Amino acid sequence: MCSIIGYLGNSSAAPLLVDGLGRMEYRGYDSVGIATLNDGKLLIKKGVGKVAQVSATLNLKEMIGEVGIGHTRWATHGAVTVTNAHPHFGCKVGVVVVHNGIIENYHVLKEELVKQGHVFKSETDSEVIAHLLEHYWSLKNDAKEAMINTCNRLIGSFAFVAVFDDSTLCGARYDEPLIVGITNDGYFVSSDVLGFLKYTDNAIFLDNRDIVMLKGNTLSLFDFDGRDVVRIPTKVAKELGDTDKGLYAHYTLKEIHEQKNTINKSIQQNKESVEKFCNLLKGGKDVFITGSGTSYHSALLAKYILSRYSKLRVEAIMSSEFQYSSELLDKNSVLIAISQSGETADVLQSVKKAKEKGATVLSIVNVSTSSLARLSDCSLEVKCGPEVGVAATKSFTSQIAVLYYVADTIGSNFTGITTDMAELSTAVEETLRLETRIAEVAKEVKNAKDIYILGRSIHLPICLEGALKIKELAYIHAEGMAAGEMKHGPLALIDKNSVVVVLNPNDSTYTDTVSNASVLKSRGAKVISITSKCDPTYDYCIAIPSIRESLLPFVEIIPLQLLAYFLALYNNIDPDYPRNLAKSVTVK
Ligand code: F6R
């Protein structure tokens with residue numbers, strides 16, 4: 001949830017670090033800090049705010065030195081303040097560190113270090129790493145020993161990068177990602193390949209318990225026991241680095257529009273991988289499907305699709321709850337884990353649980369080099385390109401496209417994702433042209449305090465996903481609900497201030513949904529319909545194209561994404577960086 005980066009080489013470190021942090025800002029953006037080593041002295045600058053803003057105010061790029069580290073923070077321990085921002089150091093500035101993760105035993109370690117005379121400045125768990133490194137470094141001035149001893153004291157999840165004042169740059173990884181980028185004249189160590197992909201596609205993905213030590217031209221790799229380890233560098237797909245906003249005002253809007261190509265791209269899968277995936281899936285006695293947030297909504301939709309079209313009995317469980325509902329999992333079970341980043345802690349924990357029980361793990365990920373992809377028995381890539389906007393948009397439609405494709409490969413009934421792709425692409429383009437209409441509707445309801453989104457059947461996961469978009473982008477309370485459930489209680493909430501959106505395409509759910517909507521209308525609610533057949537019940541209709549029933553979720557989510565986007569703009573919120581959120585949630 002924080003991003004960390006280090007550089008050691010022949011170039012000036014600070015501009016490279018600032019640039020890398022900017023590209024990884026999706027991981028956290030409440031504060032920023034850089035440290036560089038110049039003439040044996042470590043200099044630190046940090047501030048509260050986003051990378052560009054802090055960099056401009058503190059002239060971060062002008063910091064001198066050819067070795068350095070940087071950090072963007074997503075606060076877990078301690079408020080958003082300059083003192084809590086990274087890099088951290090011990091009592092003297094002989095070694096500085098940036099950390100991503102959570103140190104669970106930091107209270108115990110802190111108490112021990114305080115007894116030894118260490119003085120702590122921040123409220124963060126990360127600062128204990130700095131004091132431990134300082135302690136071990138002061139004993140022998142041996143960076144390798146200091147790293148090994150420190151790592152062996154830490155409990156929790158961590159990736160950290162440290163600079164010692166003898167010009168050694170080190171990184172260590174346990175349950176948080178850390179990747180080494182090798183350029184012609186130096187090295188990066190970073191949370192995400194995006195941190196260095198502009199300069200090199202030659203990368204080493206560290207494993208758990210790996211430590212990398214860089215000094216001069218030498219790279220050494222060893223584990224927490226000090227044993228040498230060998231990791232083969234791999235080439236990373238360059239297109240992962242394509243993170244420009246282009247002509248769009250926001251990444252979120254750009255990524256919503258990219259769906260006209262990404263859905264199609266997602267079903268261009270390698271046939272052998274899909275076959276392997278489907279064979280493993282069919283071989284399972286029970287099938288569980290998991291994900292968090294938006295990816296959980298993909299899982300919910302997949303449950304409908306896989307049972308309807310592939311005749312598979314599937315249970316969808318949100319990843320943060322998976323550990324409490326996995327009793328039935330055994331070696332004959334299959335778990336499908338869905339994740340855009342492939343680094344979500346809750347998802348990885350579910351996968352570990354499934355592996356402990358001997359189950360087969362399949363995954364659907366956007367980042368093919370992620371921890372999830374590497375932990376899986378078989379993984380399919382969604383191929384929608386980097387998603388920078390914190391709210392998931394194009395990754396959702398790509399995830400479901402892959403799941404539909406899997407359903408078609410297994411099933412005897414077809415969803416239509418392959419046969420009707422041309423029609424679907426046209427429908428997506430037509431839906432994107434509704435932008436002006438959606439902006440008008442958003443203006444009408446921009447002051448809503450509560451928005452309910454209702455639908456039936458395969459439209460229900462889209463209601464949940466639409467509500468999530470409105471909550472995170474526009475900070476408006478929104479709830480997705482089964483249209484038929486309103487009358488069983490929530491109807492008591494409806495009055496003339498309520499705004500209701502109904503997903504009411506002209507399909508098998510049409511008539512029942514219209515009558516649910518008219519009950520709400522007669523209680524005073526303002527009702528917006530996303531529909532292919534407008535009914536006089538509705539105050540506003542957003543007219544989506546008619547398309548095969550199974551494919552409707554693709555064209556229904558786009559108006560909801562755009563509605564959330566415009567509600568954010570009308571409420572003066574930056575949709576790319578919603579408050580309190582980070583794109584990659586690597587804490588439990
Ligand atoms: C919502 C959103 C989050 C993520 C969730 C899982 O817009 O972005 O709810 O969907 O944190 O992330 P991944 O898919 O990376 O596992």
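Just so it is clear, the model here is predicted, and its values are computed rather than measured. We number each residue from 1, following the sequence as shown. Remember, it's 1-based here, ligands and their atoms both numbered in the order they're listed.
Annotation for ligand 1: atoms under 4.0 Å from non-hydrogen atoms of Val390 are 8 (O). Close approach of ligand 1 to Gln340 (heavy-atom distance below 4.0 Å) involves ligand atoms 13 (P), 14 (O), 15 (O), 16 (O). Short contacts between ligand 1 and Leu468, defined as distances under 4.0 Å to a heavy atom of the residue, involve ligand atoms 1 (C), 9 (O). Close approach to Lys469 involves these atoms of ligand 1, each under 4.0 Å from a residue heavy atom: 1 (C), 7 (O). Each of the atoms 7 (O) of ligand 1 lies under 4.0 Å from some heavy atom of Ala391. Residue Ser341 approaches ligand 1 through these ligand atoms, each under 4.0 Å from one of its heavy atoms: 13 (P), 15 (O), 16 (O).
Neither side chain, Gln561 nor Thr393, offers a donor N or O lying under 3.5 Å from an acceptor on the other. In this model, no donor atom of one side chain and acceptor atom of the other lie less than 3.5 Å apart for His77 and Tyr106. At a cut-off of 3.5 Å, with distance as the only test, a side-chain donor of Ser333 or Asp286 sits close to an acceptor on the other residue. Side-chain contact annotation: Thr415 with Asp408, donor-acceptor N/O pair under 3.5 Å present.
If you check which protein heavy atom lies closest to atom 7 (O) of ligand 1, you get Glu472 OE2, 2.4 Å. The protein non-hydrogen atom at the shortest distance from atom 11 (O) of ligand 1 is Val585 CG2, 3.9 Å. Protein heavy atom closest to atom 6 (C) of ligand 1, with residue, atom name and distance, is Ser292 O, 3.2 Å.
A salt bridge does not link Lys276 with Glu272: none of the charged nitrogens is closer than 4.0 Å to a carboxylate oxygen. In summary, Glu440 and Lys443 do not engage in a salt bridge, as defined by a charged side-chain N under 4.0 Å from a carboxylate O. Using a cut-off of 4.0 Å between Lys/Arg side-chain N and Asp/Glu carboxylate O, Arg173 and Glu176 are scored as not salt-bridged. The existence of a salt bridge linking Lys198 and Asp19 is confirmed by a sub-4.0 Å separation between a basic side-chain nitrogen and an acidic carboxylate oxygen.
At under 3.5 Å, a nitrogen or oxygen of Ser295, whether backbone or side chain, sits near a nitrogen or oxygen of ligand 1. Considering backbone and side-chain atoms alike, Ala392 places an N or O below 3.5 Å from some N or O of ligand 1.
In this structure, Leu372 does not count as a contact residue of ligand 1, since none of its heavy atoms falls inside 4.0 Å of the ligand.
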Lys235 and Asp201: CA distance, side-chain angles, deciding distance, salt bridge (charged side-chain N to carboxylate O under 4.0 Å, His left out) verdict: CA-CA 5 Å; Lys235 290 273 177 215; Asp201 58 353; 3.7 Å; yes
Asp175 vs Lys352, salt bridge (charged side-chain N to carboxylate O under 4.0 Å, His left out): CA-CA, chis, key distance, verdict: CA-CA 11 Å; Asp175 270 1; Lys352 284 180 193 158; 3.0 Å; yes
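Among Gly293, Ser298, Ala564, the residue whose heavy atom lies closest to atom 9 (O) of ligand 1 is Gly293. Between Thr344, Leu473, Thr294, it is Thr344 that holds the heavy atom closest to atom 13 (P) of ligand 1.
Residue contacts with ligand 1 for Glu343 are absent, since no atom lies close enough (heavy atoms, distance under 4.0 Å).
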